[in-house]
Each structure stands twice: as C-alpha cells, then as structure tokens.
Amino acid sequence: AEAANIKMAGDEALSDVRDDIIDDINQYVPVQGGKPQNGGGGGLQSSARMHSDQTAHKGKLTIRWDTPYAQYQNKGEVMKGRPGPTRTYGPEKLKYTSEAAKAEWEKYAEQKHGEDWVLAVGKGIEQRLG
C-alpha cells in the first residue's frame, strides 16, 4: 500500500519538525511578566511544548498554547469584563513587552516560515521514501 507509506512518512516527517515549528512561532509569542508559577516569564511560550500534539496524525499536528490568558494575549486587544459571554476586547491594543511579539502569532509565523516548514516536511518524506 503505497499511499499508506506516504501518509506514514508524512506524519513522521511532520513530527520531526514539530519542535522547529514551535520555536519559529514562539519568537512571536508574548512573554508574560510576573512569576513563572503564575503563567509569567516564558510560561506562555513553554506551554506549547507541553500542550501541543507530540506527533502528527493523519497529516495533522496541532500546536496549542495553554495558559489562563493565552486566548486574550492572542487577540492582542485589551480585555474588559469578567471571563464569560459578557467579556469584550479592544479596541485598545495590548502593549507587548517583547519587540517581536504579535497578536495572532501563529498566523504571522505561518506567513513568515510556512514555506520552510513545507520544505522541511517534504525533505523528510523524501528521505523516508527515497
């Protein structure tokens, strides 16, 4: 089953570049202030290694940032109100402490690095099937 081999090689190759993809994206993830145990420091960035898929499955690898304020940081807008349906965001923008930090960091990183990721996965597939 040639197709199955290709799919397996694809998942393996994507799994191999997982950490590189996380590193590329994390350049644009805000560094939250405060004590590491409160989600501060590099807590948001390091959460990606813990909470993301460890391996690709059926061509899919999900990268997750999971800290209490990850979604709010990703929106890049000042949050108003309590958590729940009445919460609103913006229009004021968050001021990130890191120069490189971006709202919707995964979309930004994909525009900047997506082609490299595709090439790296392609190379990995070739090595496995070559």
Side-chain angles (χ1 to χ4, degrees):
E2 189 61 30
N5 288 346
I6 293 170
K7 283 181 180 165
M8 198 171 84
D11 282 350
E12 289 173 3
L14 183 53
S15 300
D16 283 351
V17 297
R18 169 195 183 264
D19 289 350
D20 294 335
I21 291 172
I22 290 173
D23 288 344
D24 284 345
I25 300 173
N26 266 343
Q27 298 175 71
Y28 311 110
V29 172
V31 176
Q32 290 166 273
K35 300 193 183 331
Q37 64 267 30
N38 298 331
L44 185 57
Q45 293 173 339
S46 59
S47 77
R49 286 203 191 270
M50 276 186 299
H51 297 286
S52 298
D53 293 350
Q54 293 301 315
T55 55
H57 182 65
K58 293 185 177 172
K60 193 171 173 234
L61 179 79
T62 303
I63 311 281
R64 293 179 199 83
W65 291 267
D66 191 0
T67 65
Y69 296 104
Q71 184 186 354
Y72 147 72
Q73 288 280 356
N74 191 258
K75 277 199 186 298
E77 295 173 339
V78 174
M79 182 172 56
K80 299 183 182 91
R82 295 179 178 279
T86 58
R87 168 169 288 163
T88 59
Y89 295 92
E92 306 88 340
K93 297 289 178 205
L94 289 176
K95 287 181 177 52
Y96 295 126
T97 48
S98 151
E99 194 82 352
K102 303 271 182 271
E104 300 194 319
W105 51 77
E106 71 291 356
K107 288 181 187 166
Y108 181 82
E110 190 175 350
Q111 289 169 350
K112 299 272 288 188
H113 304 277
E115 223 168 277
D116 297 337
W117 303 338
V118 171
L119 289 172
V121 170
K123 210 173 276 183
I125 292 172
E126 260 173 52
Q127 285 166 352
R128 286 172 172 80
L129 299 177

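Small disclaimer: the values here were computed from a predicted structure and weren't measured. For this chain, numbers begin at 1 and follow the sequence in order.
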If you compare all heavy atoms of [X] against all heavy atoms of [Y], which two are closest, and at what distance to 0.1 Å?
{"X": "Trp105", "Y": "Tyr28", "result": "CB-O, 3.4 Å"}
{"X": "Ala101", "Y": "Pro30", "result": "CB-CA, 3.7 Å"}
{"X": "Tyr72", "Y": "Leu94", "result": "OH-CD2, 3.3 Å"}
{"X": "Gln45", "Y": "Val31", "result": "NE2-CG2, 3.6 Å"}

Check your understanding: Does Leu129 belong to the same Ile/Leu/Val/Met/Phe/Trp/Tyr cluster as Val121, with side-chain heavy atoms less than 4.5 Å apart forming each link?
Key ->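 Yes: a chain of side-chain contacts under 4.5 Å links Leu129 to Val121.
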Next item on the list: Using the side-chain contact (heavy atoms from CB on, under 4.5 Å) rule, take Glu92 and Glu77 through it: C-alpha gap first, then chi angles, then the decisive distance, then the call.
Entry: CA-CA 6 Å; Glu92 306 88 340; Glu77 295 173 339; over 6 Å; no
Roughly how far, to the nearest 0.5 Å, is the NZ atom of Lys75 from the CZ atom of Arg87?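 The CZ atom of Arg87 sits 10.5 Å away from the NZ atom of Lys75.
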Review point. From Met79 CE over to Thr88 OG1, what is the distance, rounded to the nearest 0.5 angstrom?
Key: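 The CE atom of Met79 sits 10.0 Å away from the OG1 atom of Thr88.
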| Lys80, NZ: over 12 other non-hydrogen atoms inside 6.0 angstrom |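 Count over threshold, so yes.
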If you count the non-hydrogen atoms of other residues, nucleotides and ligands that lie under 6.0 Å from NE2 in His57, is the total more than 12?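 No, not enclosed.
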Q. How would you list, by chain and number, every residue that makes a side chain to side chain contact (heavy atoms under 4.5 Å, CB included) with Leu119, sequence neighbours excluded?
A.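 Expected list: none.
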Residues forming a side chain to side chain contact (heavy atoms under 4.5 Å, CB included) with Lys107, sequence neighbours excluded =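 Lys107 satisfies side chain to side chain contact (heavy atoms under 4.5 Å, CB included) with Glu104 only.
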His113 side chain near Gln27 side chain, heavy-atom distance below 4.5 Å: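 Yes, close enough: below the 4.5 Å cut-off.
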Test item: Trp65 and Gln73 side chains (from C-beta on) under 4.5 Å apart, heavy atoms: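 Answer no - side chains too far apart.
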Side-chain donor-acceptor pairs under 3.5 Å in residues 6-25, sequence neighbours left out?
from  : atom 1 : to     : atom 2 : distance (Å)
Asp11 : OD1    : Lys58  : N      : 3.4
Asp11 : OD1    : Gly59  : N      : 2.6
Asp11 : OD2    : Lys58  : N      : 2.9
Glu12 : OE1    : Arg128 : NE     : 2.8
Ser15 : OG     : Asp11  : O      : 2.7
Ser15 : OG     : Ala56  : N      : 2.8
Asp16 : OD2    : Arg128 : NH1    : 3.4
Asp16 : OD2    : Arg128 : NH2    : 2.4
Arg18 : NE     : Asp53  : O      : 2.6
Arg18 : NH2    : Arg49  : O      : 2.7
Asp19 : OD1    : Arg49  : NH1    : 3.0
Asp19 : OD2    : Arg49  : NH1    : 3.3
Asp23 : OD1    : Arg49  : NH2    : 2.5
Asp23 : OD2    : Arg49  : NH2    : 3.3
Asp24 : OD2    : Trp117 : NE1    : 2.8

